Amino acid sequence: ILDDPDLKDIDPTVLKHCHAAAATCILEAGKQKADISAISTCLEDCKLDKERIEQFCTEYQKNKDALEILLGSIGRSPLHITDVSWRLEYQIKNNQLHKTYQPSYLVTLNVENSDSGSHPDVSFSCTMEQLQDLVGKLKDAAKSLERATQM
């Protein structure tokens with residue numbers, strides 16, 4: 001878009017903001033399964049002229065099915081952790097055969113998505129300090145949620 005000769009006189013920042021706004025409008029219309037009249041009303045409220053609204057709606061209608069398929073493949077909800085497993089691992093030597101004796105934890109999160117069932121597990125390795133930091137942040141999140149539900 002930035003290389004288009006018709007748009008060379010427009011500030012690149014403004015152009016990026018316009019692109020983001022158009023993409024957001026298209027995604028929200030697809031997510032809400034909005035019809036052309038709803039989209040037209042929304043764009044009229046944004047003070048777009050009728051010619052541009054008609055052009056936008058025509059292009060949207062042409063690509064609506066593909067957009068809905070794409071949005072359907074993404075999913076609607078975040079992953080849900082169903083189980084956690086871990087094991088302690090000791091690195092005794094490094095690649096240069098020097099003794100290191102570094103303990104680390106291998107953590108595996110079993111996750112699923114309510115839209116499409118199970119997903120591959122999420123695995124990572126961390127030091128004791130990193131694991132303690134993660135546990136502390138999870139406890140803080142749990143306390144925040146508890147306080148929010150008591151209000």
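Position 1 is the first residue of the sequence, and the numbers go up from there. All values reported here derive from a predicted model rather than from experimental measurement.
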Non-neighbouring partners of K143 that pass salt bridge (Lys or Arg N to Asp or Glu O under 4.0 Å), sequence neighbours left out: none

Nearest heavy-atom neighbours spanning C126 and V107: SG-CG2, 4.3 Å

Rounded distance (nearest 0.5 Å) linking atom CD1 of I81 with atom CG of L109: 4.5 Å

Flag for S123-D121: side-chain donor and acceptor within less than 3.5 Å: no

Distance in Å, I39 CD1 paired with C25 SG, rounded so as to fall on 0.5 Å steps: 6.5 Å

Test log, rule side chain to side chain contact (heavy atoms under 4.5 Å, CB included), inputs L106 and W86: CA-CA 5 Å; L106 296 176; W86 61 273; over 6 Å; no

Path from L138 to M128 over hydrophobic side-chain contacts below 4.5 Å: yes

Separation between CG of L15 and CG of D11, rounded to the nearest 0.5 Å: 8.5 Å

Interatomic spacing from SG in C57 to CD1 in I36 - rounded to 0.5 Å: 4.5 Å

Closest contact, heavy atoms only, L67 versus I26: CD2-O, 3.5 Å

Between CD on residue E44 and CG on residue D49, distance to nearest 0.5 Å: 10.5 Å

same_hphob_cluster(L27, I69) at 4.5 Å side-chain heavy-atom cutoff: no

Rounded distance [0.5 Å steps], OG in S144 versus NZ in K137: 13.0 Å

Side chain to side chain contact (heavy atoms under 4.5 Å, CB included) assessment of Y105 paired with L134: CA-CA 12 Å; Y105 291 91; L134 175 63; over 6 Å; no

Any pair counted as side chain to side chain donor-acceptor pair (under 3.5 Å), so long as it reaches residues 52-65, sequence neighbours left out: E59-K62

With sequence neighbours excluded, residues passing side-chain hydrogen bond (donor to acceptor under 3.5 Å, both in side chains) with E28: K31

